[in-house]
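Structure record follows, encoded as structure tokens.
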Amino acid sequence: MEKETKVTELPHIVFLTSPGMGHLIPFAELATRLACHHGFSATFLTFTNFSSPRQSNFLATLHPNISTVYLPFIPLDDIPNNAHLVTILGTLFTRSVPHVRDALVSLKQRTRLAAFVPDLFGSNLLPVAKELSVPHYIFFSCNCMVLLFFFHFPSLHTTTTCEYRDLPEPFHLPGCLPLPGKDFIEPVMDRKSDTYSWTLQVMRGHTSAQGILVNSFETLEPGASKALQNEEEKHPPIYLVGPLIRSGLDEADELGCVEWLDQQPNCSVLFVSFGSGGTLSMKQTTELAFGLEASGHRFLWVVRCPNDSDKSATYFNVESPDDPQNYLPESFVNRNKNKGMVVPSWAPQVKVLSHKATGGFLSHCGWNSTLESVGHGVPLIAWPLYAEQRMNALMLVDGAGIAVRPVALEDGVVERGEVARIVCELMDGERGKVARCKVKELQEAGISALSPEGPSHLALTKVANQWKVAIN
Ligand SMILES: O=c1ccn([C@@H]2O[C@H](COP(=O)(O)OP(=O)(O)O[C@H]3O[C@H](CO)[C@@H](O)[C@H](O)[C@H]3O)[C@@H](O)[C@H]2O)c(=O)[nH]1
């Protein structure tokens, strides 16, 4: 009889992710693949700060060879309440250095530690692993275009002085569409801010990784992925390992979204959701509600309590405490009960996107949502809110051609008439038809990238083998 390998004998990877489901989900998928297909065990180092029941429940359901270690609580009392997300994360990661060092030392004694892999905010922790002679890589949960931006932006920073929205010409990243300054990632939009300095530091830190795993695949970003390969001598080796998305089978559905979808015609429902952190202003929530209603199309809308100042207000804790009837237009829910379902805070997104009744996705273009939409052949309405989402939207609409985008007024609000127009355009217009065909092609390409002979599977195998060799 074959002897079973003990978990402690397996090569071991330590992951460190920012708080927030948007970062945790793709890491969990990567860890699961490494455990199931490549014989690894793993530990998630997790911040006690901002940990939520949703996150801890999620971590508890992972593969048995994946465990969680909570880092000690890190005081952040000196950070203003209204500090930007990036400032909070930058401070959190920097202050975690001694705790991460302790955890790595201890795991090095107890396991066959093969690599330390933080997310993009953890780039300033790579030197800690280097000091301990632990291989150190980054898992980049955004796309190739954003990674190119990370590599090329620091030189733009030294050669320009104006705010980027005032740049006279778009920024030319190799292999990408010209990028207007107004569409740069949102944390660099104010050069004098703390957030700007943190972002620059995070970007520069990427060059000290021994390799960067990217959650994307060649067919989705042919130009950008090629450009990354062409300039490989300028940065760490890049491994495209995507699209890593969840199967969704284990998603809870307490509010009966699937049951409701079962009663709708094929391809008739627009799913509306802004990821784990996205919130709209009161005015925008009202306009979106009336616009969805006026479109005449069916919809399943994940609603959050409006916030007029912060578009990422629910990032650390997605639960929206208020009853949606308190902030949606009067009798909206009742009036639309035959055609629309409103779900507060959270829906089983992968189950929804994989349902045959779902025909479109109005999304903030978070990269996981984008990959999940592609992975299920669902075309999008691009509605970027913060972070790198404007860059994603540009790529999805003008590059991949799998999304349409509404036109906003000068104050950023998309009015109800425009909402109705764009919903009809996606669900039964010409551009929607083209987007639907293209996204189905990409869906196939994504499946084949991850198949046993596919480039993403082979890229992950290559890194996994390097990690195994390093500990032998
Ligand atoms: O009701 C919901 C809402 C979200 N999700 C899941 O939560 C994840 C959300 O991820 P994403 O779409 O990437 O959005 P964010 O949570 O906003 O992700 C952050 O992290 C991403 C990856 O780094 C970035 O692309 C985003 O801009 C950033 O905001 C996805 O897996 C969704 O399936 C659900 O299951 N149900």
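The figures that follow rest on heavy atoms only: side chains count, while hydrogens, waters and symmetry mates do not. Each ligand, and each atom within it, is numbered from 1 in the order the structure gives.
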### Message
Testing the basics here: between Gly22 and Ser276, what is the closest heavy-atom pair and its distance to 0.1 Å?
### Response
N-OG, 3.5 Å

Check ligand 1 against [X] and write out every atom of the ligand that is under 4.0 Å from a heavy-atom position of the residue.
X      : value
Asn368 : 10 (O), 11 (P), 12 (O), 13 (O), 22 (C), 30 (C), 31 (O)
Tyr386 : 17 (O), 29 (O)
His23  : 20 (O), 23 (O)
Ile25  : 6 (C), 7 (O), 8 (C), 31 (O)
Glu372 : 30 (C), 31 (O), 32 (C), 33 (O)
Cys142 : 23 (O)
Ala387 : 27 (O)
Gly366 : 11 (P), 12 (O), 13 (O), 14 (O), 25 (O), 26 (C)

pair [X]-[Y]: side-chain heavy atoms closer than 4.5 Å:
X      : Y      : answer
Leu34  : Leu460 : yes
Phe121 : His23  : yes
Pro19  : Leu89  : yes

#### Entry: Ring geometry between Trp383 and Phe274 (parallel below 30°, tilted from 30 to 60°, perpendicular above 60°)
perpendicular

### Query
Taking only residues two or more places apart in sequence or in another chain, which ones pass ring-ring contact (aromatic ring centres under 6.0 Å, His included) with His38?
His457

#### Entry: Residues in ring-ring contact (aromatic ring centres under 6.0 Å, His included) contact with His235, at least two apart in sequence or another chain
Phe151

### Query
With ring centroids as reference points, do Phe153 and Tyr164 lie under 6.0 angstrom apart?
yes

### Query
Is Gln349 touching ligand 1 with its side chain, its backbone, both, or neither, if touching means heavy atoms under 4.0 Å apart?
both

### Query
What part of Ser141, side chain, backbone, both or neither, has a heavy atom within less than 4.0 angstrom of ligand 1?
both

### Query
Just going by heavy-atom distances, which of Gly248, Ala28, Ser276, Pro348 is nearest to atom 9 (C) of ligand 1?
Ser276

### Query
Is there a nitrogen or oxygen of Ala347 sitting under 3.5 Å from a nitrogen or oxygen of ligand 1?
yes

